[in-house]
Amino acid sequence: MAPSPEPYVMPCHGDARHRRSVVLVYVVAALLCGGLLWVESLRVDRASMAAARERGAALFRLIEVSRDWNARHGGVYVPITAETQPNPYLSHPHRDVLTTDGQALTLIDHACMTRQISELAQQVEGLSLHITSLRPVRPGNAPDPWEAEALRAFEQGAPEMLVLTRDERGPVHRYMAPLRTTESCLQCHAEKNFKVGEVRGGISMTMPAEPLLVLRDAQRLRVVGLFLAAFALASGLFHYLLVLTRRHLRAIARINAEQERLIVQRTSELAASNAGLAREVEQRRRDQRQLATSEARYRAIFDSTAEGLMLIDEEARIEEVNPAFTTITGYEAEEVRGHGLEVLGAGRHDQAFFDTIRRTLAERGRWQGEVWNRRKSGDAYVQWMSITRASLPDEVGAYVATLTDITLRKEVEERMLYRADHDALTGMPNRGLFQDRLAAALAASHRTRQPFAVLFVDLDRFKAVNDRLGHPAGDALLIEAGARIAACARESDTVARFGGDEFAVILTEVGGFAEAEEVAQRICVALAAPFMLPQGEAQVASSVGIALSPTHGSDAATLEEHADQALYVAKRGGGNRWCVYSPTVAASAADRGKGRRRH
């Protein structure tokens with residue numbers, strides 16, 4: 001007799017290689033996601049600084065226009081007050097005048113006006129403006145070190161300067177742009193040999209940065225969350241593929257070992273075994289080639305999930321789209337050009353929704369949110385739309401809209417939320433959702449003074465069905481039992497499964513004990529009817545415990561405790577019956593140690 005072959009043992013170096021592969025997958029995924037996260041963080045920082053630059057530039061343009069207006073009109077006269085005294089640094093033959101009615105006026109030039117606007121802006125907006133020069137006439141206009149560096153950069157051709165720093169108020173953005181000599185400036189400064197276009201100074205603005213930094217940090221958190229989810233998904237997927245590959249290789253190794261033993265034991269069947277092995281190897285090669293082709297096709301499709309872009313005008317009418325837009329929506333550029341955003345709507349948003357988008361763009365220059373659109377094929381889908389003001393010539397487009405299809409993500413989120421609140425077997429609300437709806441029923445009862453009832457339902461003799469017909473039959477019976485209980489309640493009521501053979505019901509707005517007992521009777525009758533299962537016929541019964549709010553309790557814990565005590569008494573009475581909580585029921589449950597306790 002040939003000796004029995006020893007069991008095959010997978011070489012230990014295969015486990016080490018697998019561990020190295022797993023570590024490599026996680027390292028590569030971490031490096032990739034980390035690099036992308038770093039790039040995206042830089043983009044968020046640049047966007048924050050760009051917003052600060054736009055704000056500073058807008059303020060500078062406003063001050064520059066006001067200053068130019070003052071210069072064009074040769075300054076403005078204002079009454080002399082304690083706050084507005086004659087400017088000792090202004091040399092002008094008519095600096096101080098008297099009106100015909102004796103009012104003393106003094107001339108305010110553009111520099112002095114800019115300084116007073118700065119003081120007013122600091123009081124109202126928390127902004128700080130400073131007009132300065134490397135060659136100041138007024139000592140108060142002398143630059144600080146950063147302003148001096150910026151002024152020297154302006155003389156070398158720099159258009160503007162921006163920095164994020166801190167002062168006694170906290171984080172601030174400092175923005176500065178050059179002041180150049182204009183024709184109107186020469187009215188007051190011709191004797192100083194000023195030249196048109198020459199940089200004579202600048203205006204620096206110190207703006208509180210906290211609001212922009214809060215937005216930047218929130219965006220960073222969203223980006224980190226997104227990349228962490230991507231890292232977990234990608235690394236988990238590849239880890240799973242490695243596990244499957246390892247199992248497959250182990251199976252091949254076992255097959256090869258078995259083939260070796262068969263060669264020793266049955267040399268007469270060598271040819272047939274080799275032929276069969278060759279066919280099997282070839283089939284596996286074909287399978288691997290098909291797998292590689294499928295994987296390559298999937299990767300090609302995956303690497304091409306691009307965003308659609310639209311250029312839209314001030315009235316939110318579409319001017320131009322990119323090829324990805326056509327891929328996503330099915331519409332060519334000429335089919336949507338000149339139309340409003342409503343042309344893509346799926347009918348789930350009214351006209352007020354699109355009017356709000358236009359109004360928000362006009363007021364804030366940006367808008368983002370979820371929009372239900374419809375493809376040219378008629379399919380509705382949800383997308384994330386982000387619209388920002390474009391940094392392009394006016395004739396090209398006022399805004400850029402980015403479209404990202406998030407239909408799949410929304411479906412996944414809805415499925416996850418559903419699974420978190422519902423029983424996996426029956427699809428009914430689980431204990432967590434039951435607790436939420438019980439809290440809502442209590443709040444409504446406190447508000448309307450309308451009573452409601454809590455019913456605990458247990459199946460009698462359920463274990464015998466599992467023992468006789470098997471667990472699949474038990475699962476089928478639980479699904480049917482849940483449907484029968486739900487049929488005994490109203491649509492506004494809640495029927496939940498706690499687990500095992502335990503169910504619970506919330507009857508909203510009942511008239512009293514009689515109505516609750518009527519529902520309990522229907523449940524007992526419905527569950528006592530035979531269950532015709534694929535594995536055979538099954539017969540069970542049910543016990544029901546009833547507690548009424550506020551008679552039996554005004555909080556969730558008390559109601560559940562009393563319903564549980566009533567259920568215990570019903571089961572101790574032989575089952576196939578119901579019981580309403582009462583002091584007698586409580587005493588009976590206490591005498592017997594309360595028997596059951598739900599968690």
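Positions are given from 1, in the same order as the sequence printed here.
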Exercise for the section: Heavy atoms only: give me the nearest R55-P208 pair and the separation to one decimal. Expected result: NH1-O, 3.6 Å
Problem - Ionic contact status for E342 with R358, cut-off 4.0 Å - result: yes
Practice task
Quick one: pull up CD in E480 and CD1 in I485 and give me the separation to the nearest 0.5 Å.
Solution key: 10.5 Å
Exercise for the section: Check whether any side-chain heavy atom of V371 sits under 4.5 Å from a side-chain heavy atom of W384, and report yes or no. Expected result: no
Exercise for the section: Give, for atom CG of N373 and atom CG of D379, the distance between the pair rounded to the nearest 0.5 Å. Expected result: 12.5 Å
Practice task
Any chance you could lay out the salt bridge (charged side-chain N to carboxylate O under 4.0 Å, His left out) test for E370 and R348, step after step, and finish with the verdict?
Solution key: CA-CA 11 Å; E370 292 182 1; R348 302 196 184 189; over 6 Å; no
Handout entry: Intermediate values then yes/no, side chain to side chain contact (heavy atoms under 4.5 Å, CB included), M310 and V400
Key = CA-CA 6 Å; M310 296 188 299; V400 176; over 6 Å; no
Handout entry: Salt bridge present between D460 and K571 (N-O < 4.0 angstrom)
Key = yes
Handout entry: Centroid separation F456 to F503 less than 6.0 Å
Key = no
Completion exercise
When rounded to the nearest 0.5 Å, the distance separating CG of L341 from NE2 of H349 is 11.0 Å
Exercise for the section: Could you tell me whether D313 and R317 make a salt bridge, using a distance below 4.0 angstrom between a side-chain N and a carboxylate O? Expected result: yes
Handout entry: Heavy-atom closest contact (V544 atom, A570 atom, distance)
Key = O-CB, 3.9 Å
Exercise for the section: Verify salt bridge (charged side-chain N to carboxylate O under 4.0 Å, His left out) between K376 and E332, making sure each step is shown before the conclusion. Expected result: CA-CA 10 Å; K376 186 176 181 180; E332 298 292 340; over 6 Å; no
Problem - Donor-acceptor side-chain pairing of E307 and T404 below 3.5 angstrom - result: yes
Problem - Pair S554-H446, side chain to side chain contact (heavy atoms under 4.5 Å, CB included): steps then yes or no - result: CA-CA 8 Å; S554 58; H446 293 160; 4.2 Å; yes
Fill in the blank from the handout: Here the gap from Q565 atom CD to T584 atom OG1, rounded to the nearest 0.5 Å, amounts to 12.0 Å
Practice task
Can you measure from OH (Y381) to CG (D405) and round to the nearest 0.5 angstrom?
Solution key: 6.5 Å
Exercise for the section: Identify the heavy atoms of A30 and F231 that sit nearest to each other, and give their distance. Expected result: N-CE1, 3.3 Å
Handout entry: Side-chain heavy atoms of F434 within contact of P429, under 4.5 Å
Key = no
Problem - Derivation and outcome, side chain to side chain contact (heavy atoms under 4.5 Å, CB included), residues L226 and R222 - result: CA-CA 6 Å; L226 176 63; R222 287 193 291 271; over 6 Å; no
Problem - Near-ring test H552/F513, centroid separation under 6.0 angstrom - result: yes
Problem - Under 3.5 Å donor-acceptor, Q450 side chain and V510 backbone - result: yes
Problem - Neighbour count >12 (heavy atoms, 6.0 Å) for atom CZ, R366 - result: no
Problem - Closest heavy-atom pair and its distance - E537, P530 - result: OE2-CB, 3.4 Å
Exercise for the section: Heavy atoms only: give me the nearest S445-S549 pair and the separation to one decimal. Expected result: OG-OG, 4.4 Å
Practice task
With the side chain counted from C-beta on, respond yes when I387 and M385 share a heavy-atom pair under 4.5 Å apart, and no when they do not.
Solution key: yes
Exercise for the section: Please determine if E210 and R169 form a salt bridge, counting it only when a charged side-chain N lies under 4.0 Å from a carboxylate O. Expected result: no
Handout entry: Under 3.5 Å: donor-acceptor pair, side chain of D350, backbone of F353
Key = yes
Practice task
Please lay out, stage by stage, how E502 and V457 fare under the test side chain to side chain contact (heavy atoms under 4.5 Å, CB included).
Solution key: CA-CA 6 Å; E502 300 176 350; V457 183; over 6 Å; no
Exercise for the section: May I ask you to decide whether K463 forms a salt bridge with D467, counting only side-chain N to carboxylate O separations under 4.0 Å? Expected result: yes
Handout entry: F325/Y331 aromatic ring centres below 6.0 Å
Key = no
Problem - Side chain proximity check, L477 to L459, heavy atoms < 4.5 angstrom - result: yes
Handout entry: Side chain to side chain, R497 and N430, heavy atoms closer than 4.5 Å
Key = no
Problem - Spacing of T551 atom OG1 and H562 atom NE2 [to the nearest 0.5 Å] - result: 12.0 Å
Exercise for the section: Please examine the side chains of P451 and P550, heavy atoms only from C-beta on, and report whether any two atoms are closer than 4.5 Å. Expected result: yes
Practice task
Establish, from distance only, whether the side-chain atoms of D458 and S543 form a donor-acceptor pair under 3.5 Å.
Solution key: no
Fill in the blank from the handout: Heavy atoms of A541 and N576 approach each other most closely as CB-CB, 3.8 Å
Handout entry: Lys/Arg N to Asp/Glu carboxylate O, R437 vs D421, below 4.0 Å
Key = no
Exercise for the section: Would you kindly check if the NZ (Lys) or CZ (Arg) of R359 is within the cone defined by 45 degrees around the ring axis of F354 and under 6.0 Å from the six-membered ring centre? Expected result: no
Practice task
Please confirm whether the backbone N or O of V44 pairs with a side-chain atom of S48, one donor and one acceptor, at under 3.5 Å?
Solution key: no
Exercise for the section: For the residue pair R220 and D45, establish whether any side-chain heavy-atom pair is separated by less than 4.5 Å. Expected result: yes
Problem - E515 side chain vs G511 backbone, donor-acceptor pair below 3.5 Å - result: yes
Practice task
Scan side-chain atoms only and decide if R216 and Q219 contain a donor-acceptor pair under the 3.5 Å cut-off.
Solution key: no
Exercise for the section: Compare all side-chain heavy atoms of E560 with those of L438 and state whether any distance is below 4.5 angstrom. Expected result: yes
